[in-house]
Amino acid sequence: MLINLGFYGQLFVVSLFFQDVRRMSPTLAGLALAPEGILVSLASFLSGRMTGRSGTRPTMLIGLVTGAAGLFALMAVGRGTPYVLLMVPLMAAGFGMAFTMPAATTTVVGAAPPERAGVASGAVNAARQVGSTVGVALLGTLGAGGRLAAPMAGAGAAFLAGALVVAIFVRSRPRR
């Protein structure tokens with residue numbers, strides 16, 4: 001839930017920032033978010049490989065901390081910040097979300113008894129959808145007026161809260 005709260009809330013707010021503050025067309029705003037999307041695809045692939053080698057806990061921690069760093073860096077963005085300086089934080093946010101999510105799903109489904117794997121998968125998806133909805137509403141409200149500092153602080157805090165949960169409660173390899 002926390003991953004989607006931070007990521008999709010950020011995606012909504014940054015898209016509006018590009019359109020309302022930087023006066024980009026919706027098409028240009030979408031293209032400006034492309035580096036984030038490209039890293040999402042790459043990170044999902046890499047997540048599976050790392051999870052297989054190192055387990056879910058380190059994979060999730062790397063993803064959540066990387067994503068939080070990118071989101072916190074976006075707090076400093078203003079109207080005149082050169083776009084090239086936005087690319088790395090956007091890429092870190094996209095990478096962090098997509099690197100975390102496969103390992104998180106593996107953790108939840110792997111911790112459930114085999115006969116409950118479908119229920120566990122459904123619970124993960126439901127939590128993701130709730131997180132997305134709350135993230136867009138909450139961070140969208142914090143970003144009213146075109147400022148990024150408060151919503152990006154909230155998004156970064158959601159990722160760090162997720163990292164704390166993982167550090168305290170998640171075993172590296174799910175029980176079988």
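What you see below is based on every heavy atom in this structure, not just the backbone, and it leaves out hydrogens, waters and symmetry mates.
Under the 4.5 Å side-chain heavy-atom criterion for grouping Ile, Leu, Val, Met, Phe, Trp and Tyr, Tyr83 is connected to Leu148 within one hydrophobic cluster. Tracing side-chain contacts under 4.5 Å through hydrophobic residues (I, L, V, M, F, W, Y), one never reaches Ile168 starting from Val170; they form parts of separate clusters. Under the 4.5 Å side-chain heavy-atom criterion for ILVMFWY residues, no single connected hydrophobic cluster contains both Val108 and Val165. Val88 and Val14 fall into different hydrophobic clusters, defined by Ile, Leu, Val, Met, Phe, Trp and Tyr side-chain heavy atoms under 4.5 Å apart, directly or through other members. By the criterion of side-chain heavy atoms lying less than 4.5 angstrom apart, applied directly or through intervening Ile, Leu, Val, Met, Phe, Trp or Tyr residues, Val77 is grouped together with Leu28 in one hydrophobic cluster.
Here the closest heavy-atom approach between residue Leu90 and residue Ala32 is recorded as CD1-O, 3.9 Å. Ser47 and Ala98 make their closest contact through CB-O, 4.1 Å (heavy atoms, listed as atom of the first residue, atom of the second, distance). Shown here for Ala163 and Val65, the closest heavy-atom pair between the two residues is CB-CG2, 4.5 Å. Here the shortest heavy-atom pairing between Ala112 and Ala120 reads CB-CB, 3.7 Å. Of all heavy-atom pairs between Met87 and Pro35, the closest is CE-CG, 4.0 Å.
Results of the side chain to side chain contact (heavy atoms under 4.5 Å, CB included) test with Val13 over Leu139, Thr141, Leu74 single out Leu139 as the only residue that passes. Exactly one of Thr51, Thr100, Thr107 qualifies for a side chain to side chain donor-acceptor pair (under 3.5 Å) with Thr56. That residue is Thr107. Screening Thr66, Ile3, Leu2, Leu5 for a side chain to side chain contact (heavy atoms under 4.5 Å, CB included) involving Phe159 leaves a single residue, Ile3.
A distance of 7.0 Å separates CD in Gln129 from CG in Asn4, rounded to the nearest 0.5 Å. Atom-to-atom distance recorded for Tyr8:OH and Met97:CE is 4.5 Å, nearest 0.5 angstrom. Expressed to the nearest 0.5 Å, how far CG of Leu164 lies from CG of Leu61 amounts to 10.0 Å. Rounding to the nearest 0.5 Å places CZ of Arg128 at 6.0 Å from OG1 of Thr105. Thr59 OG1 to Leu64 CG: the interatomic distance, rounded to the nearest 0.5 Å, is 10.5 Å. Distance check: Phe18 CZ to Leu33 CG gives 5.5 Å after rounding to the nearest 0.5 Å.
Atom CE of Met1 has 12 or fewer neighbouring heavy atoms from other residues, nucleotides or ligands inside a 6.0 Å radius.
Side-chain atoms of Arg22 come within 3.5 Å of backbone N or O of Arg79 as a donor-acceptor pair. With Thr81 contributing its side chain and Gly78 its backbone, the two residues share a donor-acceptor pair below 3.5 Å. A donor-acceptor distance shorter than 3.5 angstrom exists from the side chain of Ser44 to the backbone of Val40, with no hydrogens or angles considered.
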TODO: Evaluate the criterion side-chain contact (heavy atoms from CB on, under 4.5 Å) for residue pair Ile38 and Met91; output intermediate values, then yes/no.
DONE: CA-CA 8 Å; Ile38 290 167; Met91 291 165 62; over 6 Å; no
- [ ] List the steps, then state whether side-chain contact (heavy atoms from CB on, under 4.5 Å) holds for Arg171 with Arg57.
- [x] CA-CA 6 Å; Arg171 295 181 180 128; Arg57 186 173 192 256; over 6 Å; no
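Side-chain contact between Phe99 and Met50 is present, with at least one heavy-atom pair separated by less than 4.5 Å. Between Val21 and Arg147, the closest side-chain pair of non-hydrogen atoms is not below 4.5 Å. Looking at heavy atoms from C-beta onward, Phe7 lies in side-chain contact with Glu36 at the 4.5 angstrom threshold. Side-chain contact between Gln19 and Pro26 is present, with at least one heavy-atom pair separated by less than 4.5 Å.
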